[in-house]
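Data first, discussion second: the structure below is written as C-alpha cells.
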Number of protein chains: 2
Amino acid sequence: MQIAIVLFDRFTALDAVGPYETLGRLPGAQTVFVAERTGPVRTETGALAITADRTLAETPAPDIVVVPGGPGQTPQMENEPLLDWLRAADASSTWTTSVCTGSLLLAAAGLLEGRRATSHWLALDHLRRYGAEPTGERVVTDGKYVTAAGVSSGIDMGLTLLGRIAGDEHAQAVQLLTEYDPQPPYDAGSPQKAPAHLVEEFRSKSRFSLT
Amino acid sequence: MQIAIVLFDRFTALDAVGPYETLGRLPGAQTVFVAERTGPVRTETGALAITADRTLAETPAPDIVVVPGGPGQTPQMENEPLLDWLRAADASSTWTTSVCTGSLLLAAAGLLEGRRATSHWLALDHLRRYGAEPTGERVVTDGKYVTAAGVSSGIDMGLTLLGRIAGDEHAQAVQLLTEYDPQPPYDAGSPQKAPAHLVEEFRSKSRFSLT
C-alpha cells in the first residue's frame, strides 16, 4: 500500500508530519513525499524543508492521498497540474485525505461536492463555495474522504484512519509509541475555547476573511 | 533569539516538528535546523528527510537548543563531536530542551546530572545512569532544562516554554492557530492507559530493555 503525502511551497509542517508519524506506521505501507518537482520544499516560515522524493507524475496511483494545508495552499487553488493530479489519484485511491486547508484543495479539485468535510477553523466556511458541507468536527469521514481540522488534527486523523484500516489495537500501539497522551498547558485550541478577543483578532486579519 | 533544532540520522520527525510548530512561533525568533553536515537528514523510517540548513560548527551559541530523539539516538550517545557541541551550546544557552530520547543525549553530555527530567516511557529509567532523576510527567522543567516525554509531547513542551518566554496569551494564540484541541480516537497514549499486553510487548522487545 502506498501513502502519498503532497508537498507544495509554504505548506505547514505539522499538517504533513502528523499523518506521517501515525498513518505512516500502517503495516506494509510505503510512505512517499511527493511534489511537482523533487527536492526540498519549504514551509511557510522558511525555516524547515522536507524533501519531496518523487514527482507527482512518478506517483500516479497512491492508495492513500494526504494533502496538507498552510499559507501556500491559496496559490495552489489555481494550479491546474496539481488539481488534475488530485483528480486522477483520487480516481483510484482507497482513501483521499486532508489536514487543515488541504481540504480546500480537494474541494477545488471537485472531490468534496455534496460531502461533509472540515478544515482549519478560519477556512471552514469556504468549503461551501465548492459544494461541500462544513462541519465543526475535528475529523470527518464521508465515504473514502477523511478531512481533518487545523494543523495538529492530522495526528487524530492519522490514528483514526489507521484504526479503521489496521484495527484498533494497531492504532493504540502507535498512540502508545508516539506517547500521544496530550496535556496542553492551556485550553485554547478551538475558537469555542480560546479567549474571544484572540478569535476575533485572527478572524479580522485572516486571508480567509469573507468580507 | 536563535532556536537550534538538532538533527541526526534516524531521528523521529514529530519530536522535532512539534517544537518547531509551537516554540518556533516565538516572536522575533529564528529557527534553524542543524546537524553535523548540512543537507537532508532522514528519519528512522527512511521516508522523510528534513534539511539541515547549518552545521553545528556554524551554530555555536543558540539561545534555545532543542534535541529530538528517535532510534538514531543510540549511536549518537558515543558521538563526541555532537556531545561536545551540546556542552558548548548549553554553556551559553538560555534554555536547553529535549523531546523523547533526546534527553538521553543531554544526559550523556553530562547536562542533566542531579536534575529532574523525562524521556520516552520506554527509556525513562535510563536517565538514572547519567545521574538524572526520571519523573513520569509529560513536560519537566528544572532550571533552564526542559525535557518532554515521547514523540508527540514536544507539542506540549513547545507551548509550555512559549508561554513561559512570550506570555500565556501568545502561547494560547499559537494553540488556537495550530488548532491543538486534541481528540485522540483512543485513550492509549501512556503505559498507564494503554492495554497492558501492548505495554509488555514493547517493553520486552525494546532496545531500552534493562535486562
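Because the structure is predicted, anything quoted here is derived from the model rather than measured. Proteins get letters first, then strands, A, B, ... in listed order; numbering begins at 1 in each.
Looking at A:V32, there are no atoms closer than 4.5 Å to chain B (heavy atoms on both sides), in backbone or side chain. For A:A194, the part lying under 4.5 angstrom from a heavy atom of chain B is the side chain only. Neither the backbone nor the side chain of A:V139 has a heavy atom closer than 4.5 Å to any heavy atom of chain B. Heavy-atom distances place both the backbone and the side chain of A:Y186 under 4.5 Å from chain B. Interface residue A:P182: backbone and side-chain heavy atoms are both found under 4.5 Å from chain B. Both the backbone and the side chain of A:E169 come within less than 4.5 Å of a heavy atom in chain B. In this structure, chain A has heavy atoms under 4.5 Å from both the backbone and the side chain of B:Y180.
A donor-acceptor pair is defined here as one N or O able to donate and one able to accept, closer than 3.5 Å; such a pair exists between the side chain of A:Q175 and the backbone of B:A188.
Most heavy-atom pairs under 4.5 Å with chain B, from the set A:T43, A:V174, A:L177, A:D15: that is A:L177. Interface check for chain A: of the options B:D181, B:L159, B:T45, the most heavy-atom pairs under 4.5 Å are formed by B:D181. Contacts with chain B were tallied for A:E201, A:R138, A:E21, A:H197; A:R138 has the most, counting heavy-atom pairs under 4.5 Å. The most heavy-atom pairs under 4.5 Å with chain A, out of B:L48, B:I50, B:T12, come from B:L48.
For the pair A:T51 and B:P40, the tightest heavy-atom approach, listed with the atom from each and the gap, is OG1-CB, 3.9 Å. In this structure, B:E179 and A:A149 approach most closely via the heavy-atom pair OE2-CB, 3.4 Å. When all heavy atoms of A:D53 and B:R42 are compared, the pair lying nearest together is OD1-NH2, 2.7 Å. Closest non-hydrogen pair, B:T178 versus A:S152, comes out as O-OG, 2.9 Å.
Side-chain contact between B:T22 and A:L14 is absent, with no heavy-atom pair separated by less than 4.5 Å. In this structure, the side chains of B:Q172 and A:K193 stay at 4.5 Å or more apart for every pair of heavy atoms. Residues B:L176 and A:V199 are in side-chain contact: their nearest non-hydrogen atoms beyond the backbone lie under 4.5 Å apart. Residues B:D156 and A:Q183 form a side-chain contact, since some pair of their non-hydrogen atoms from C-beta on lies under 4.5 Å apart.
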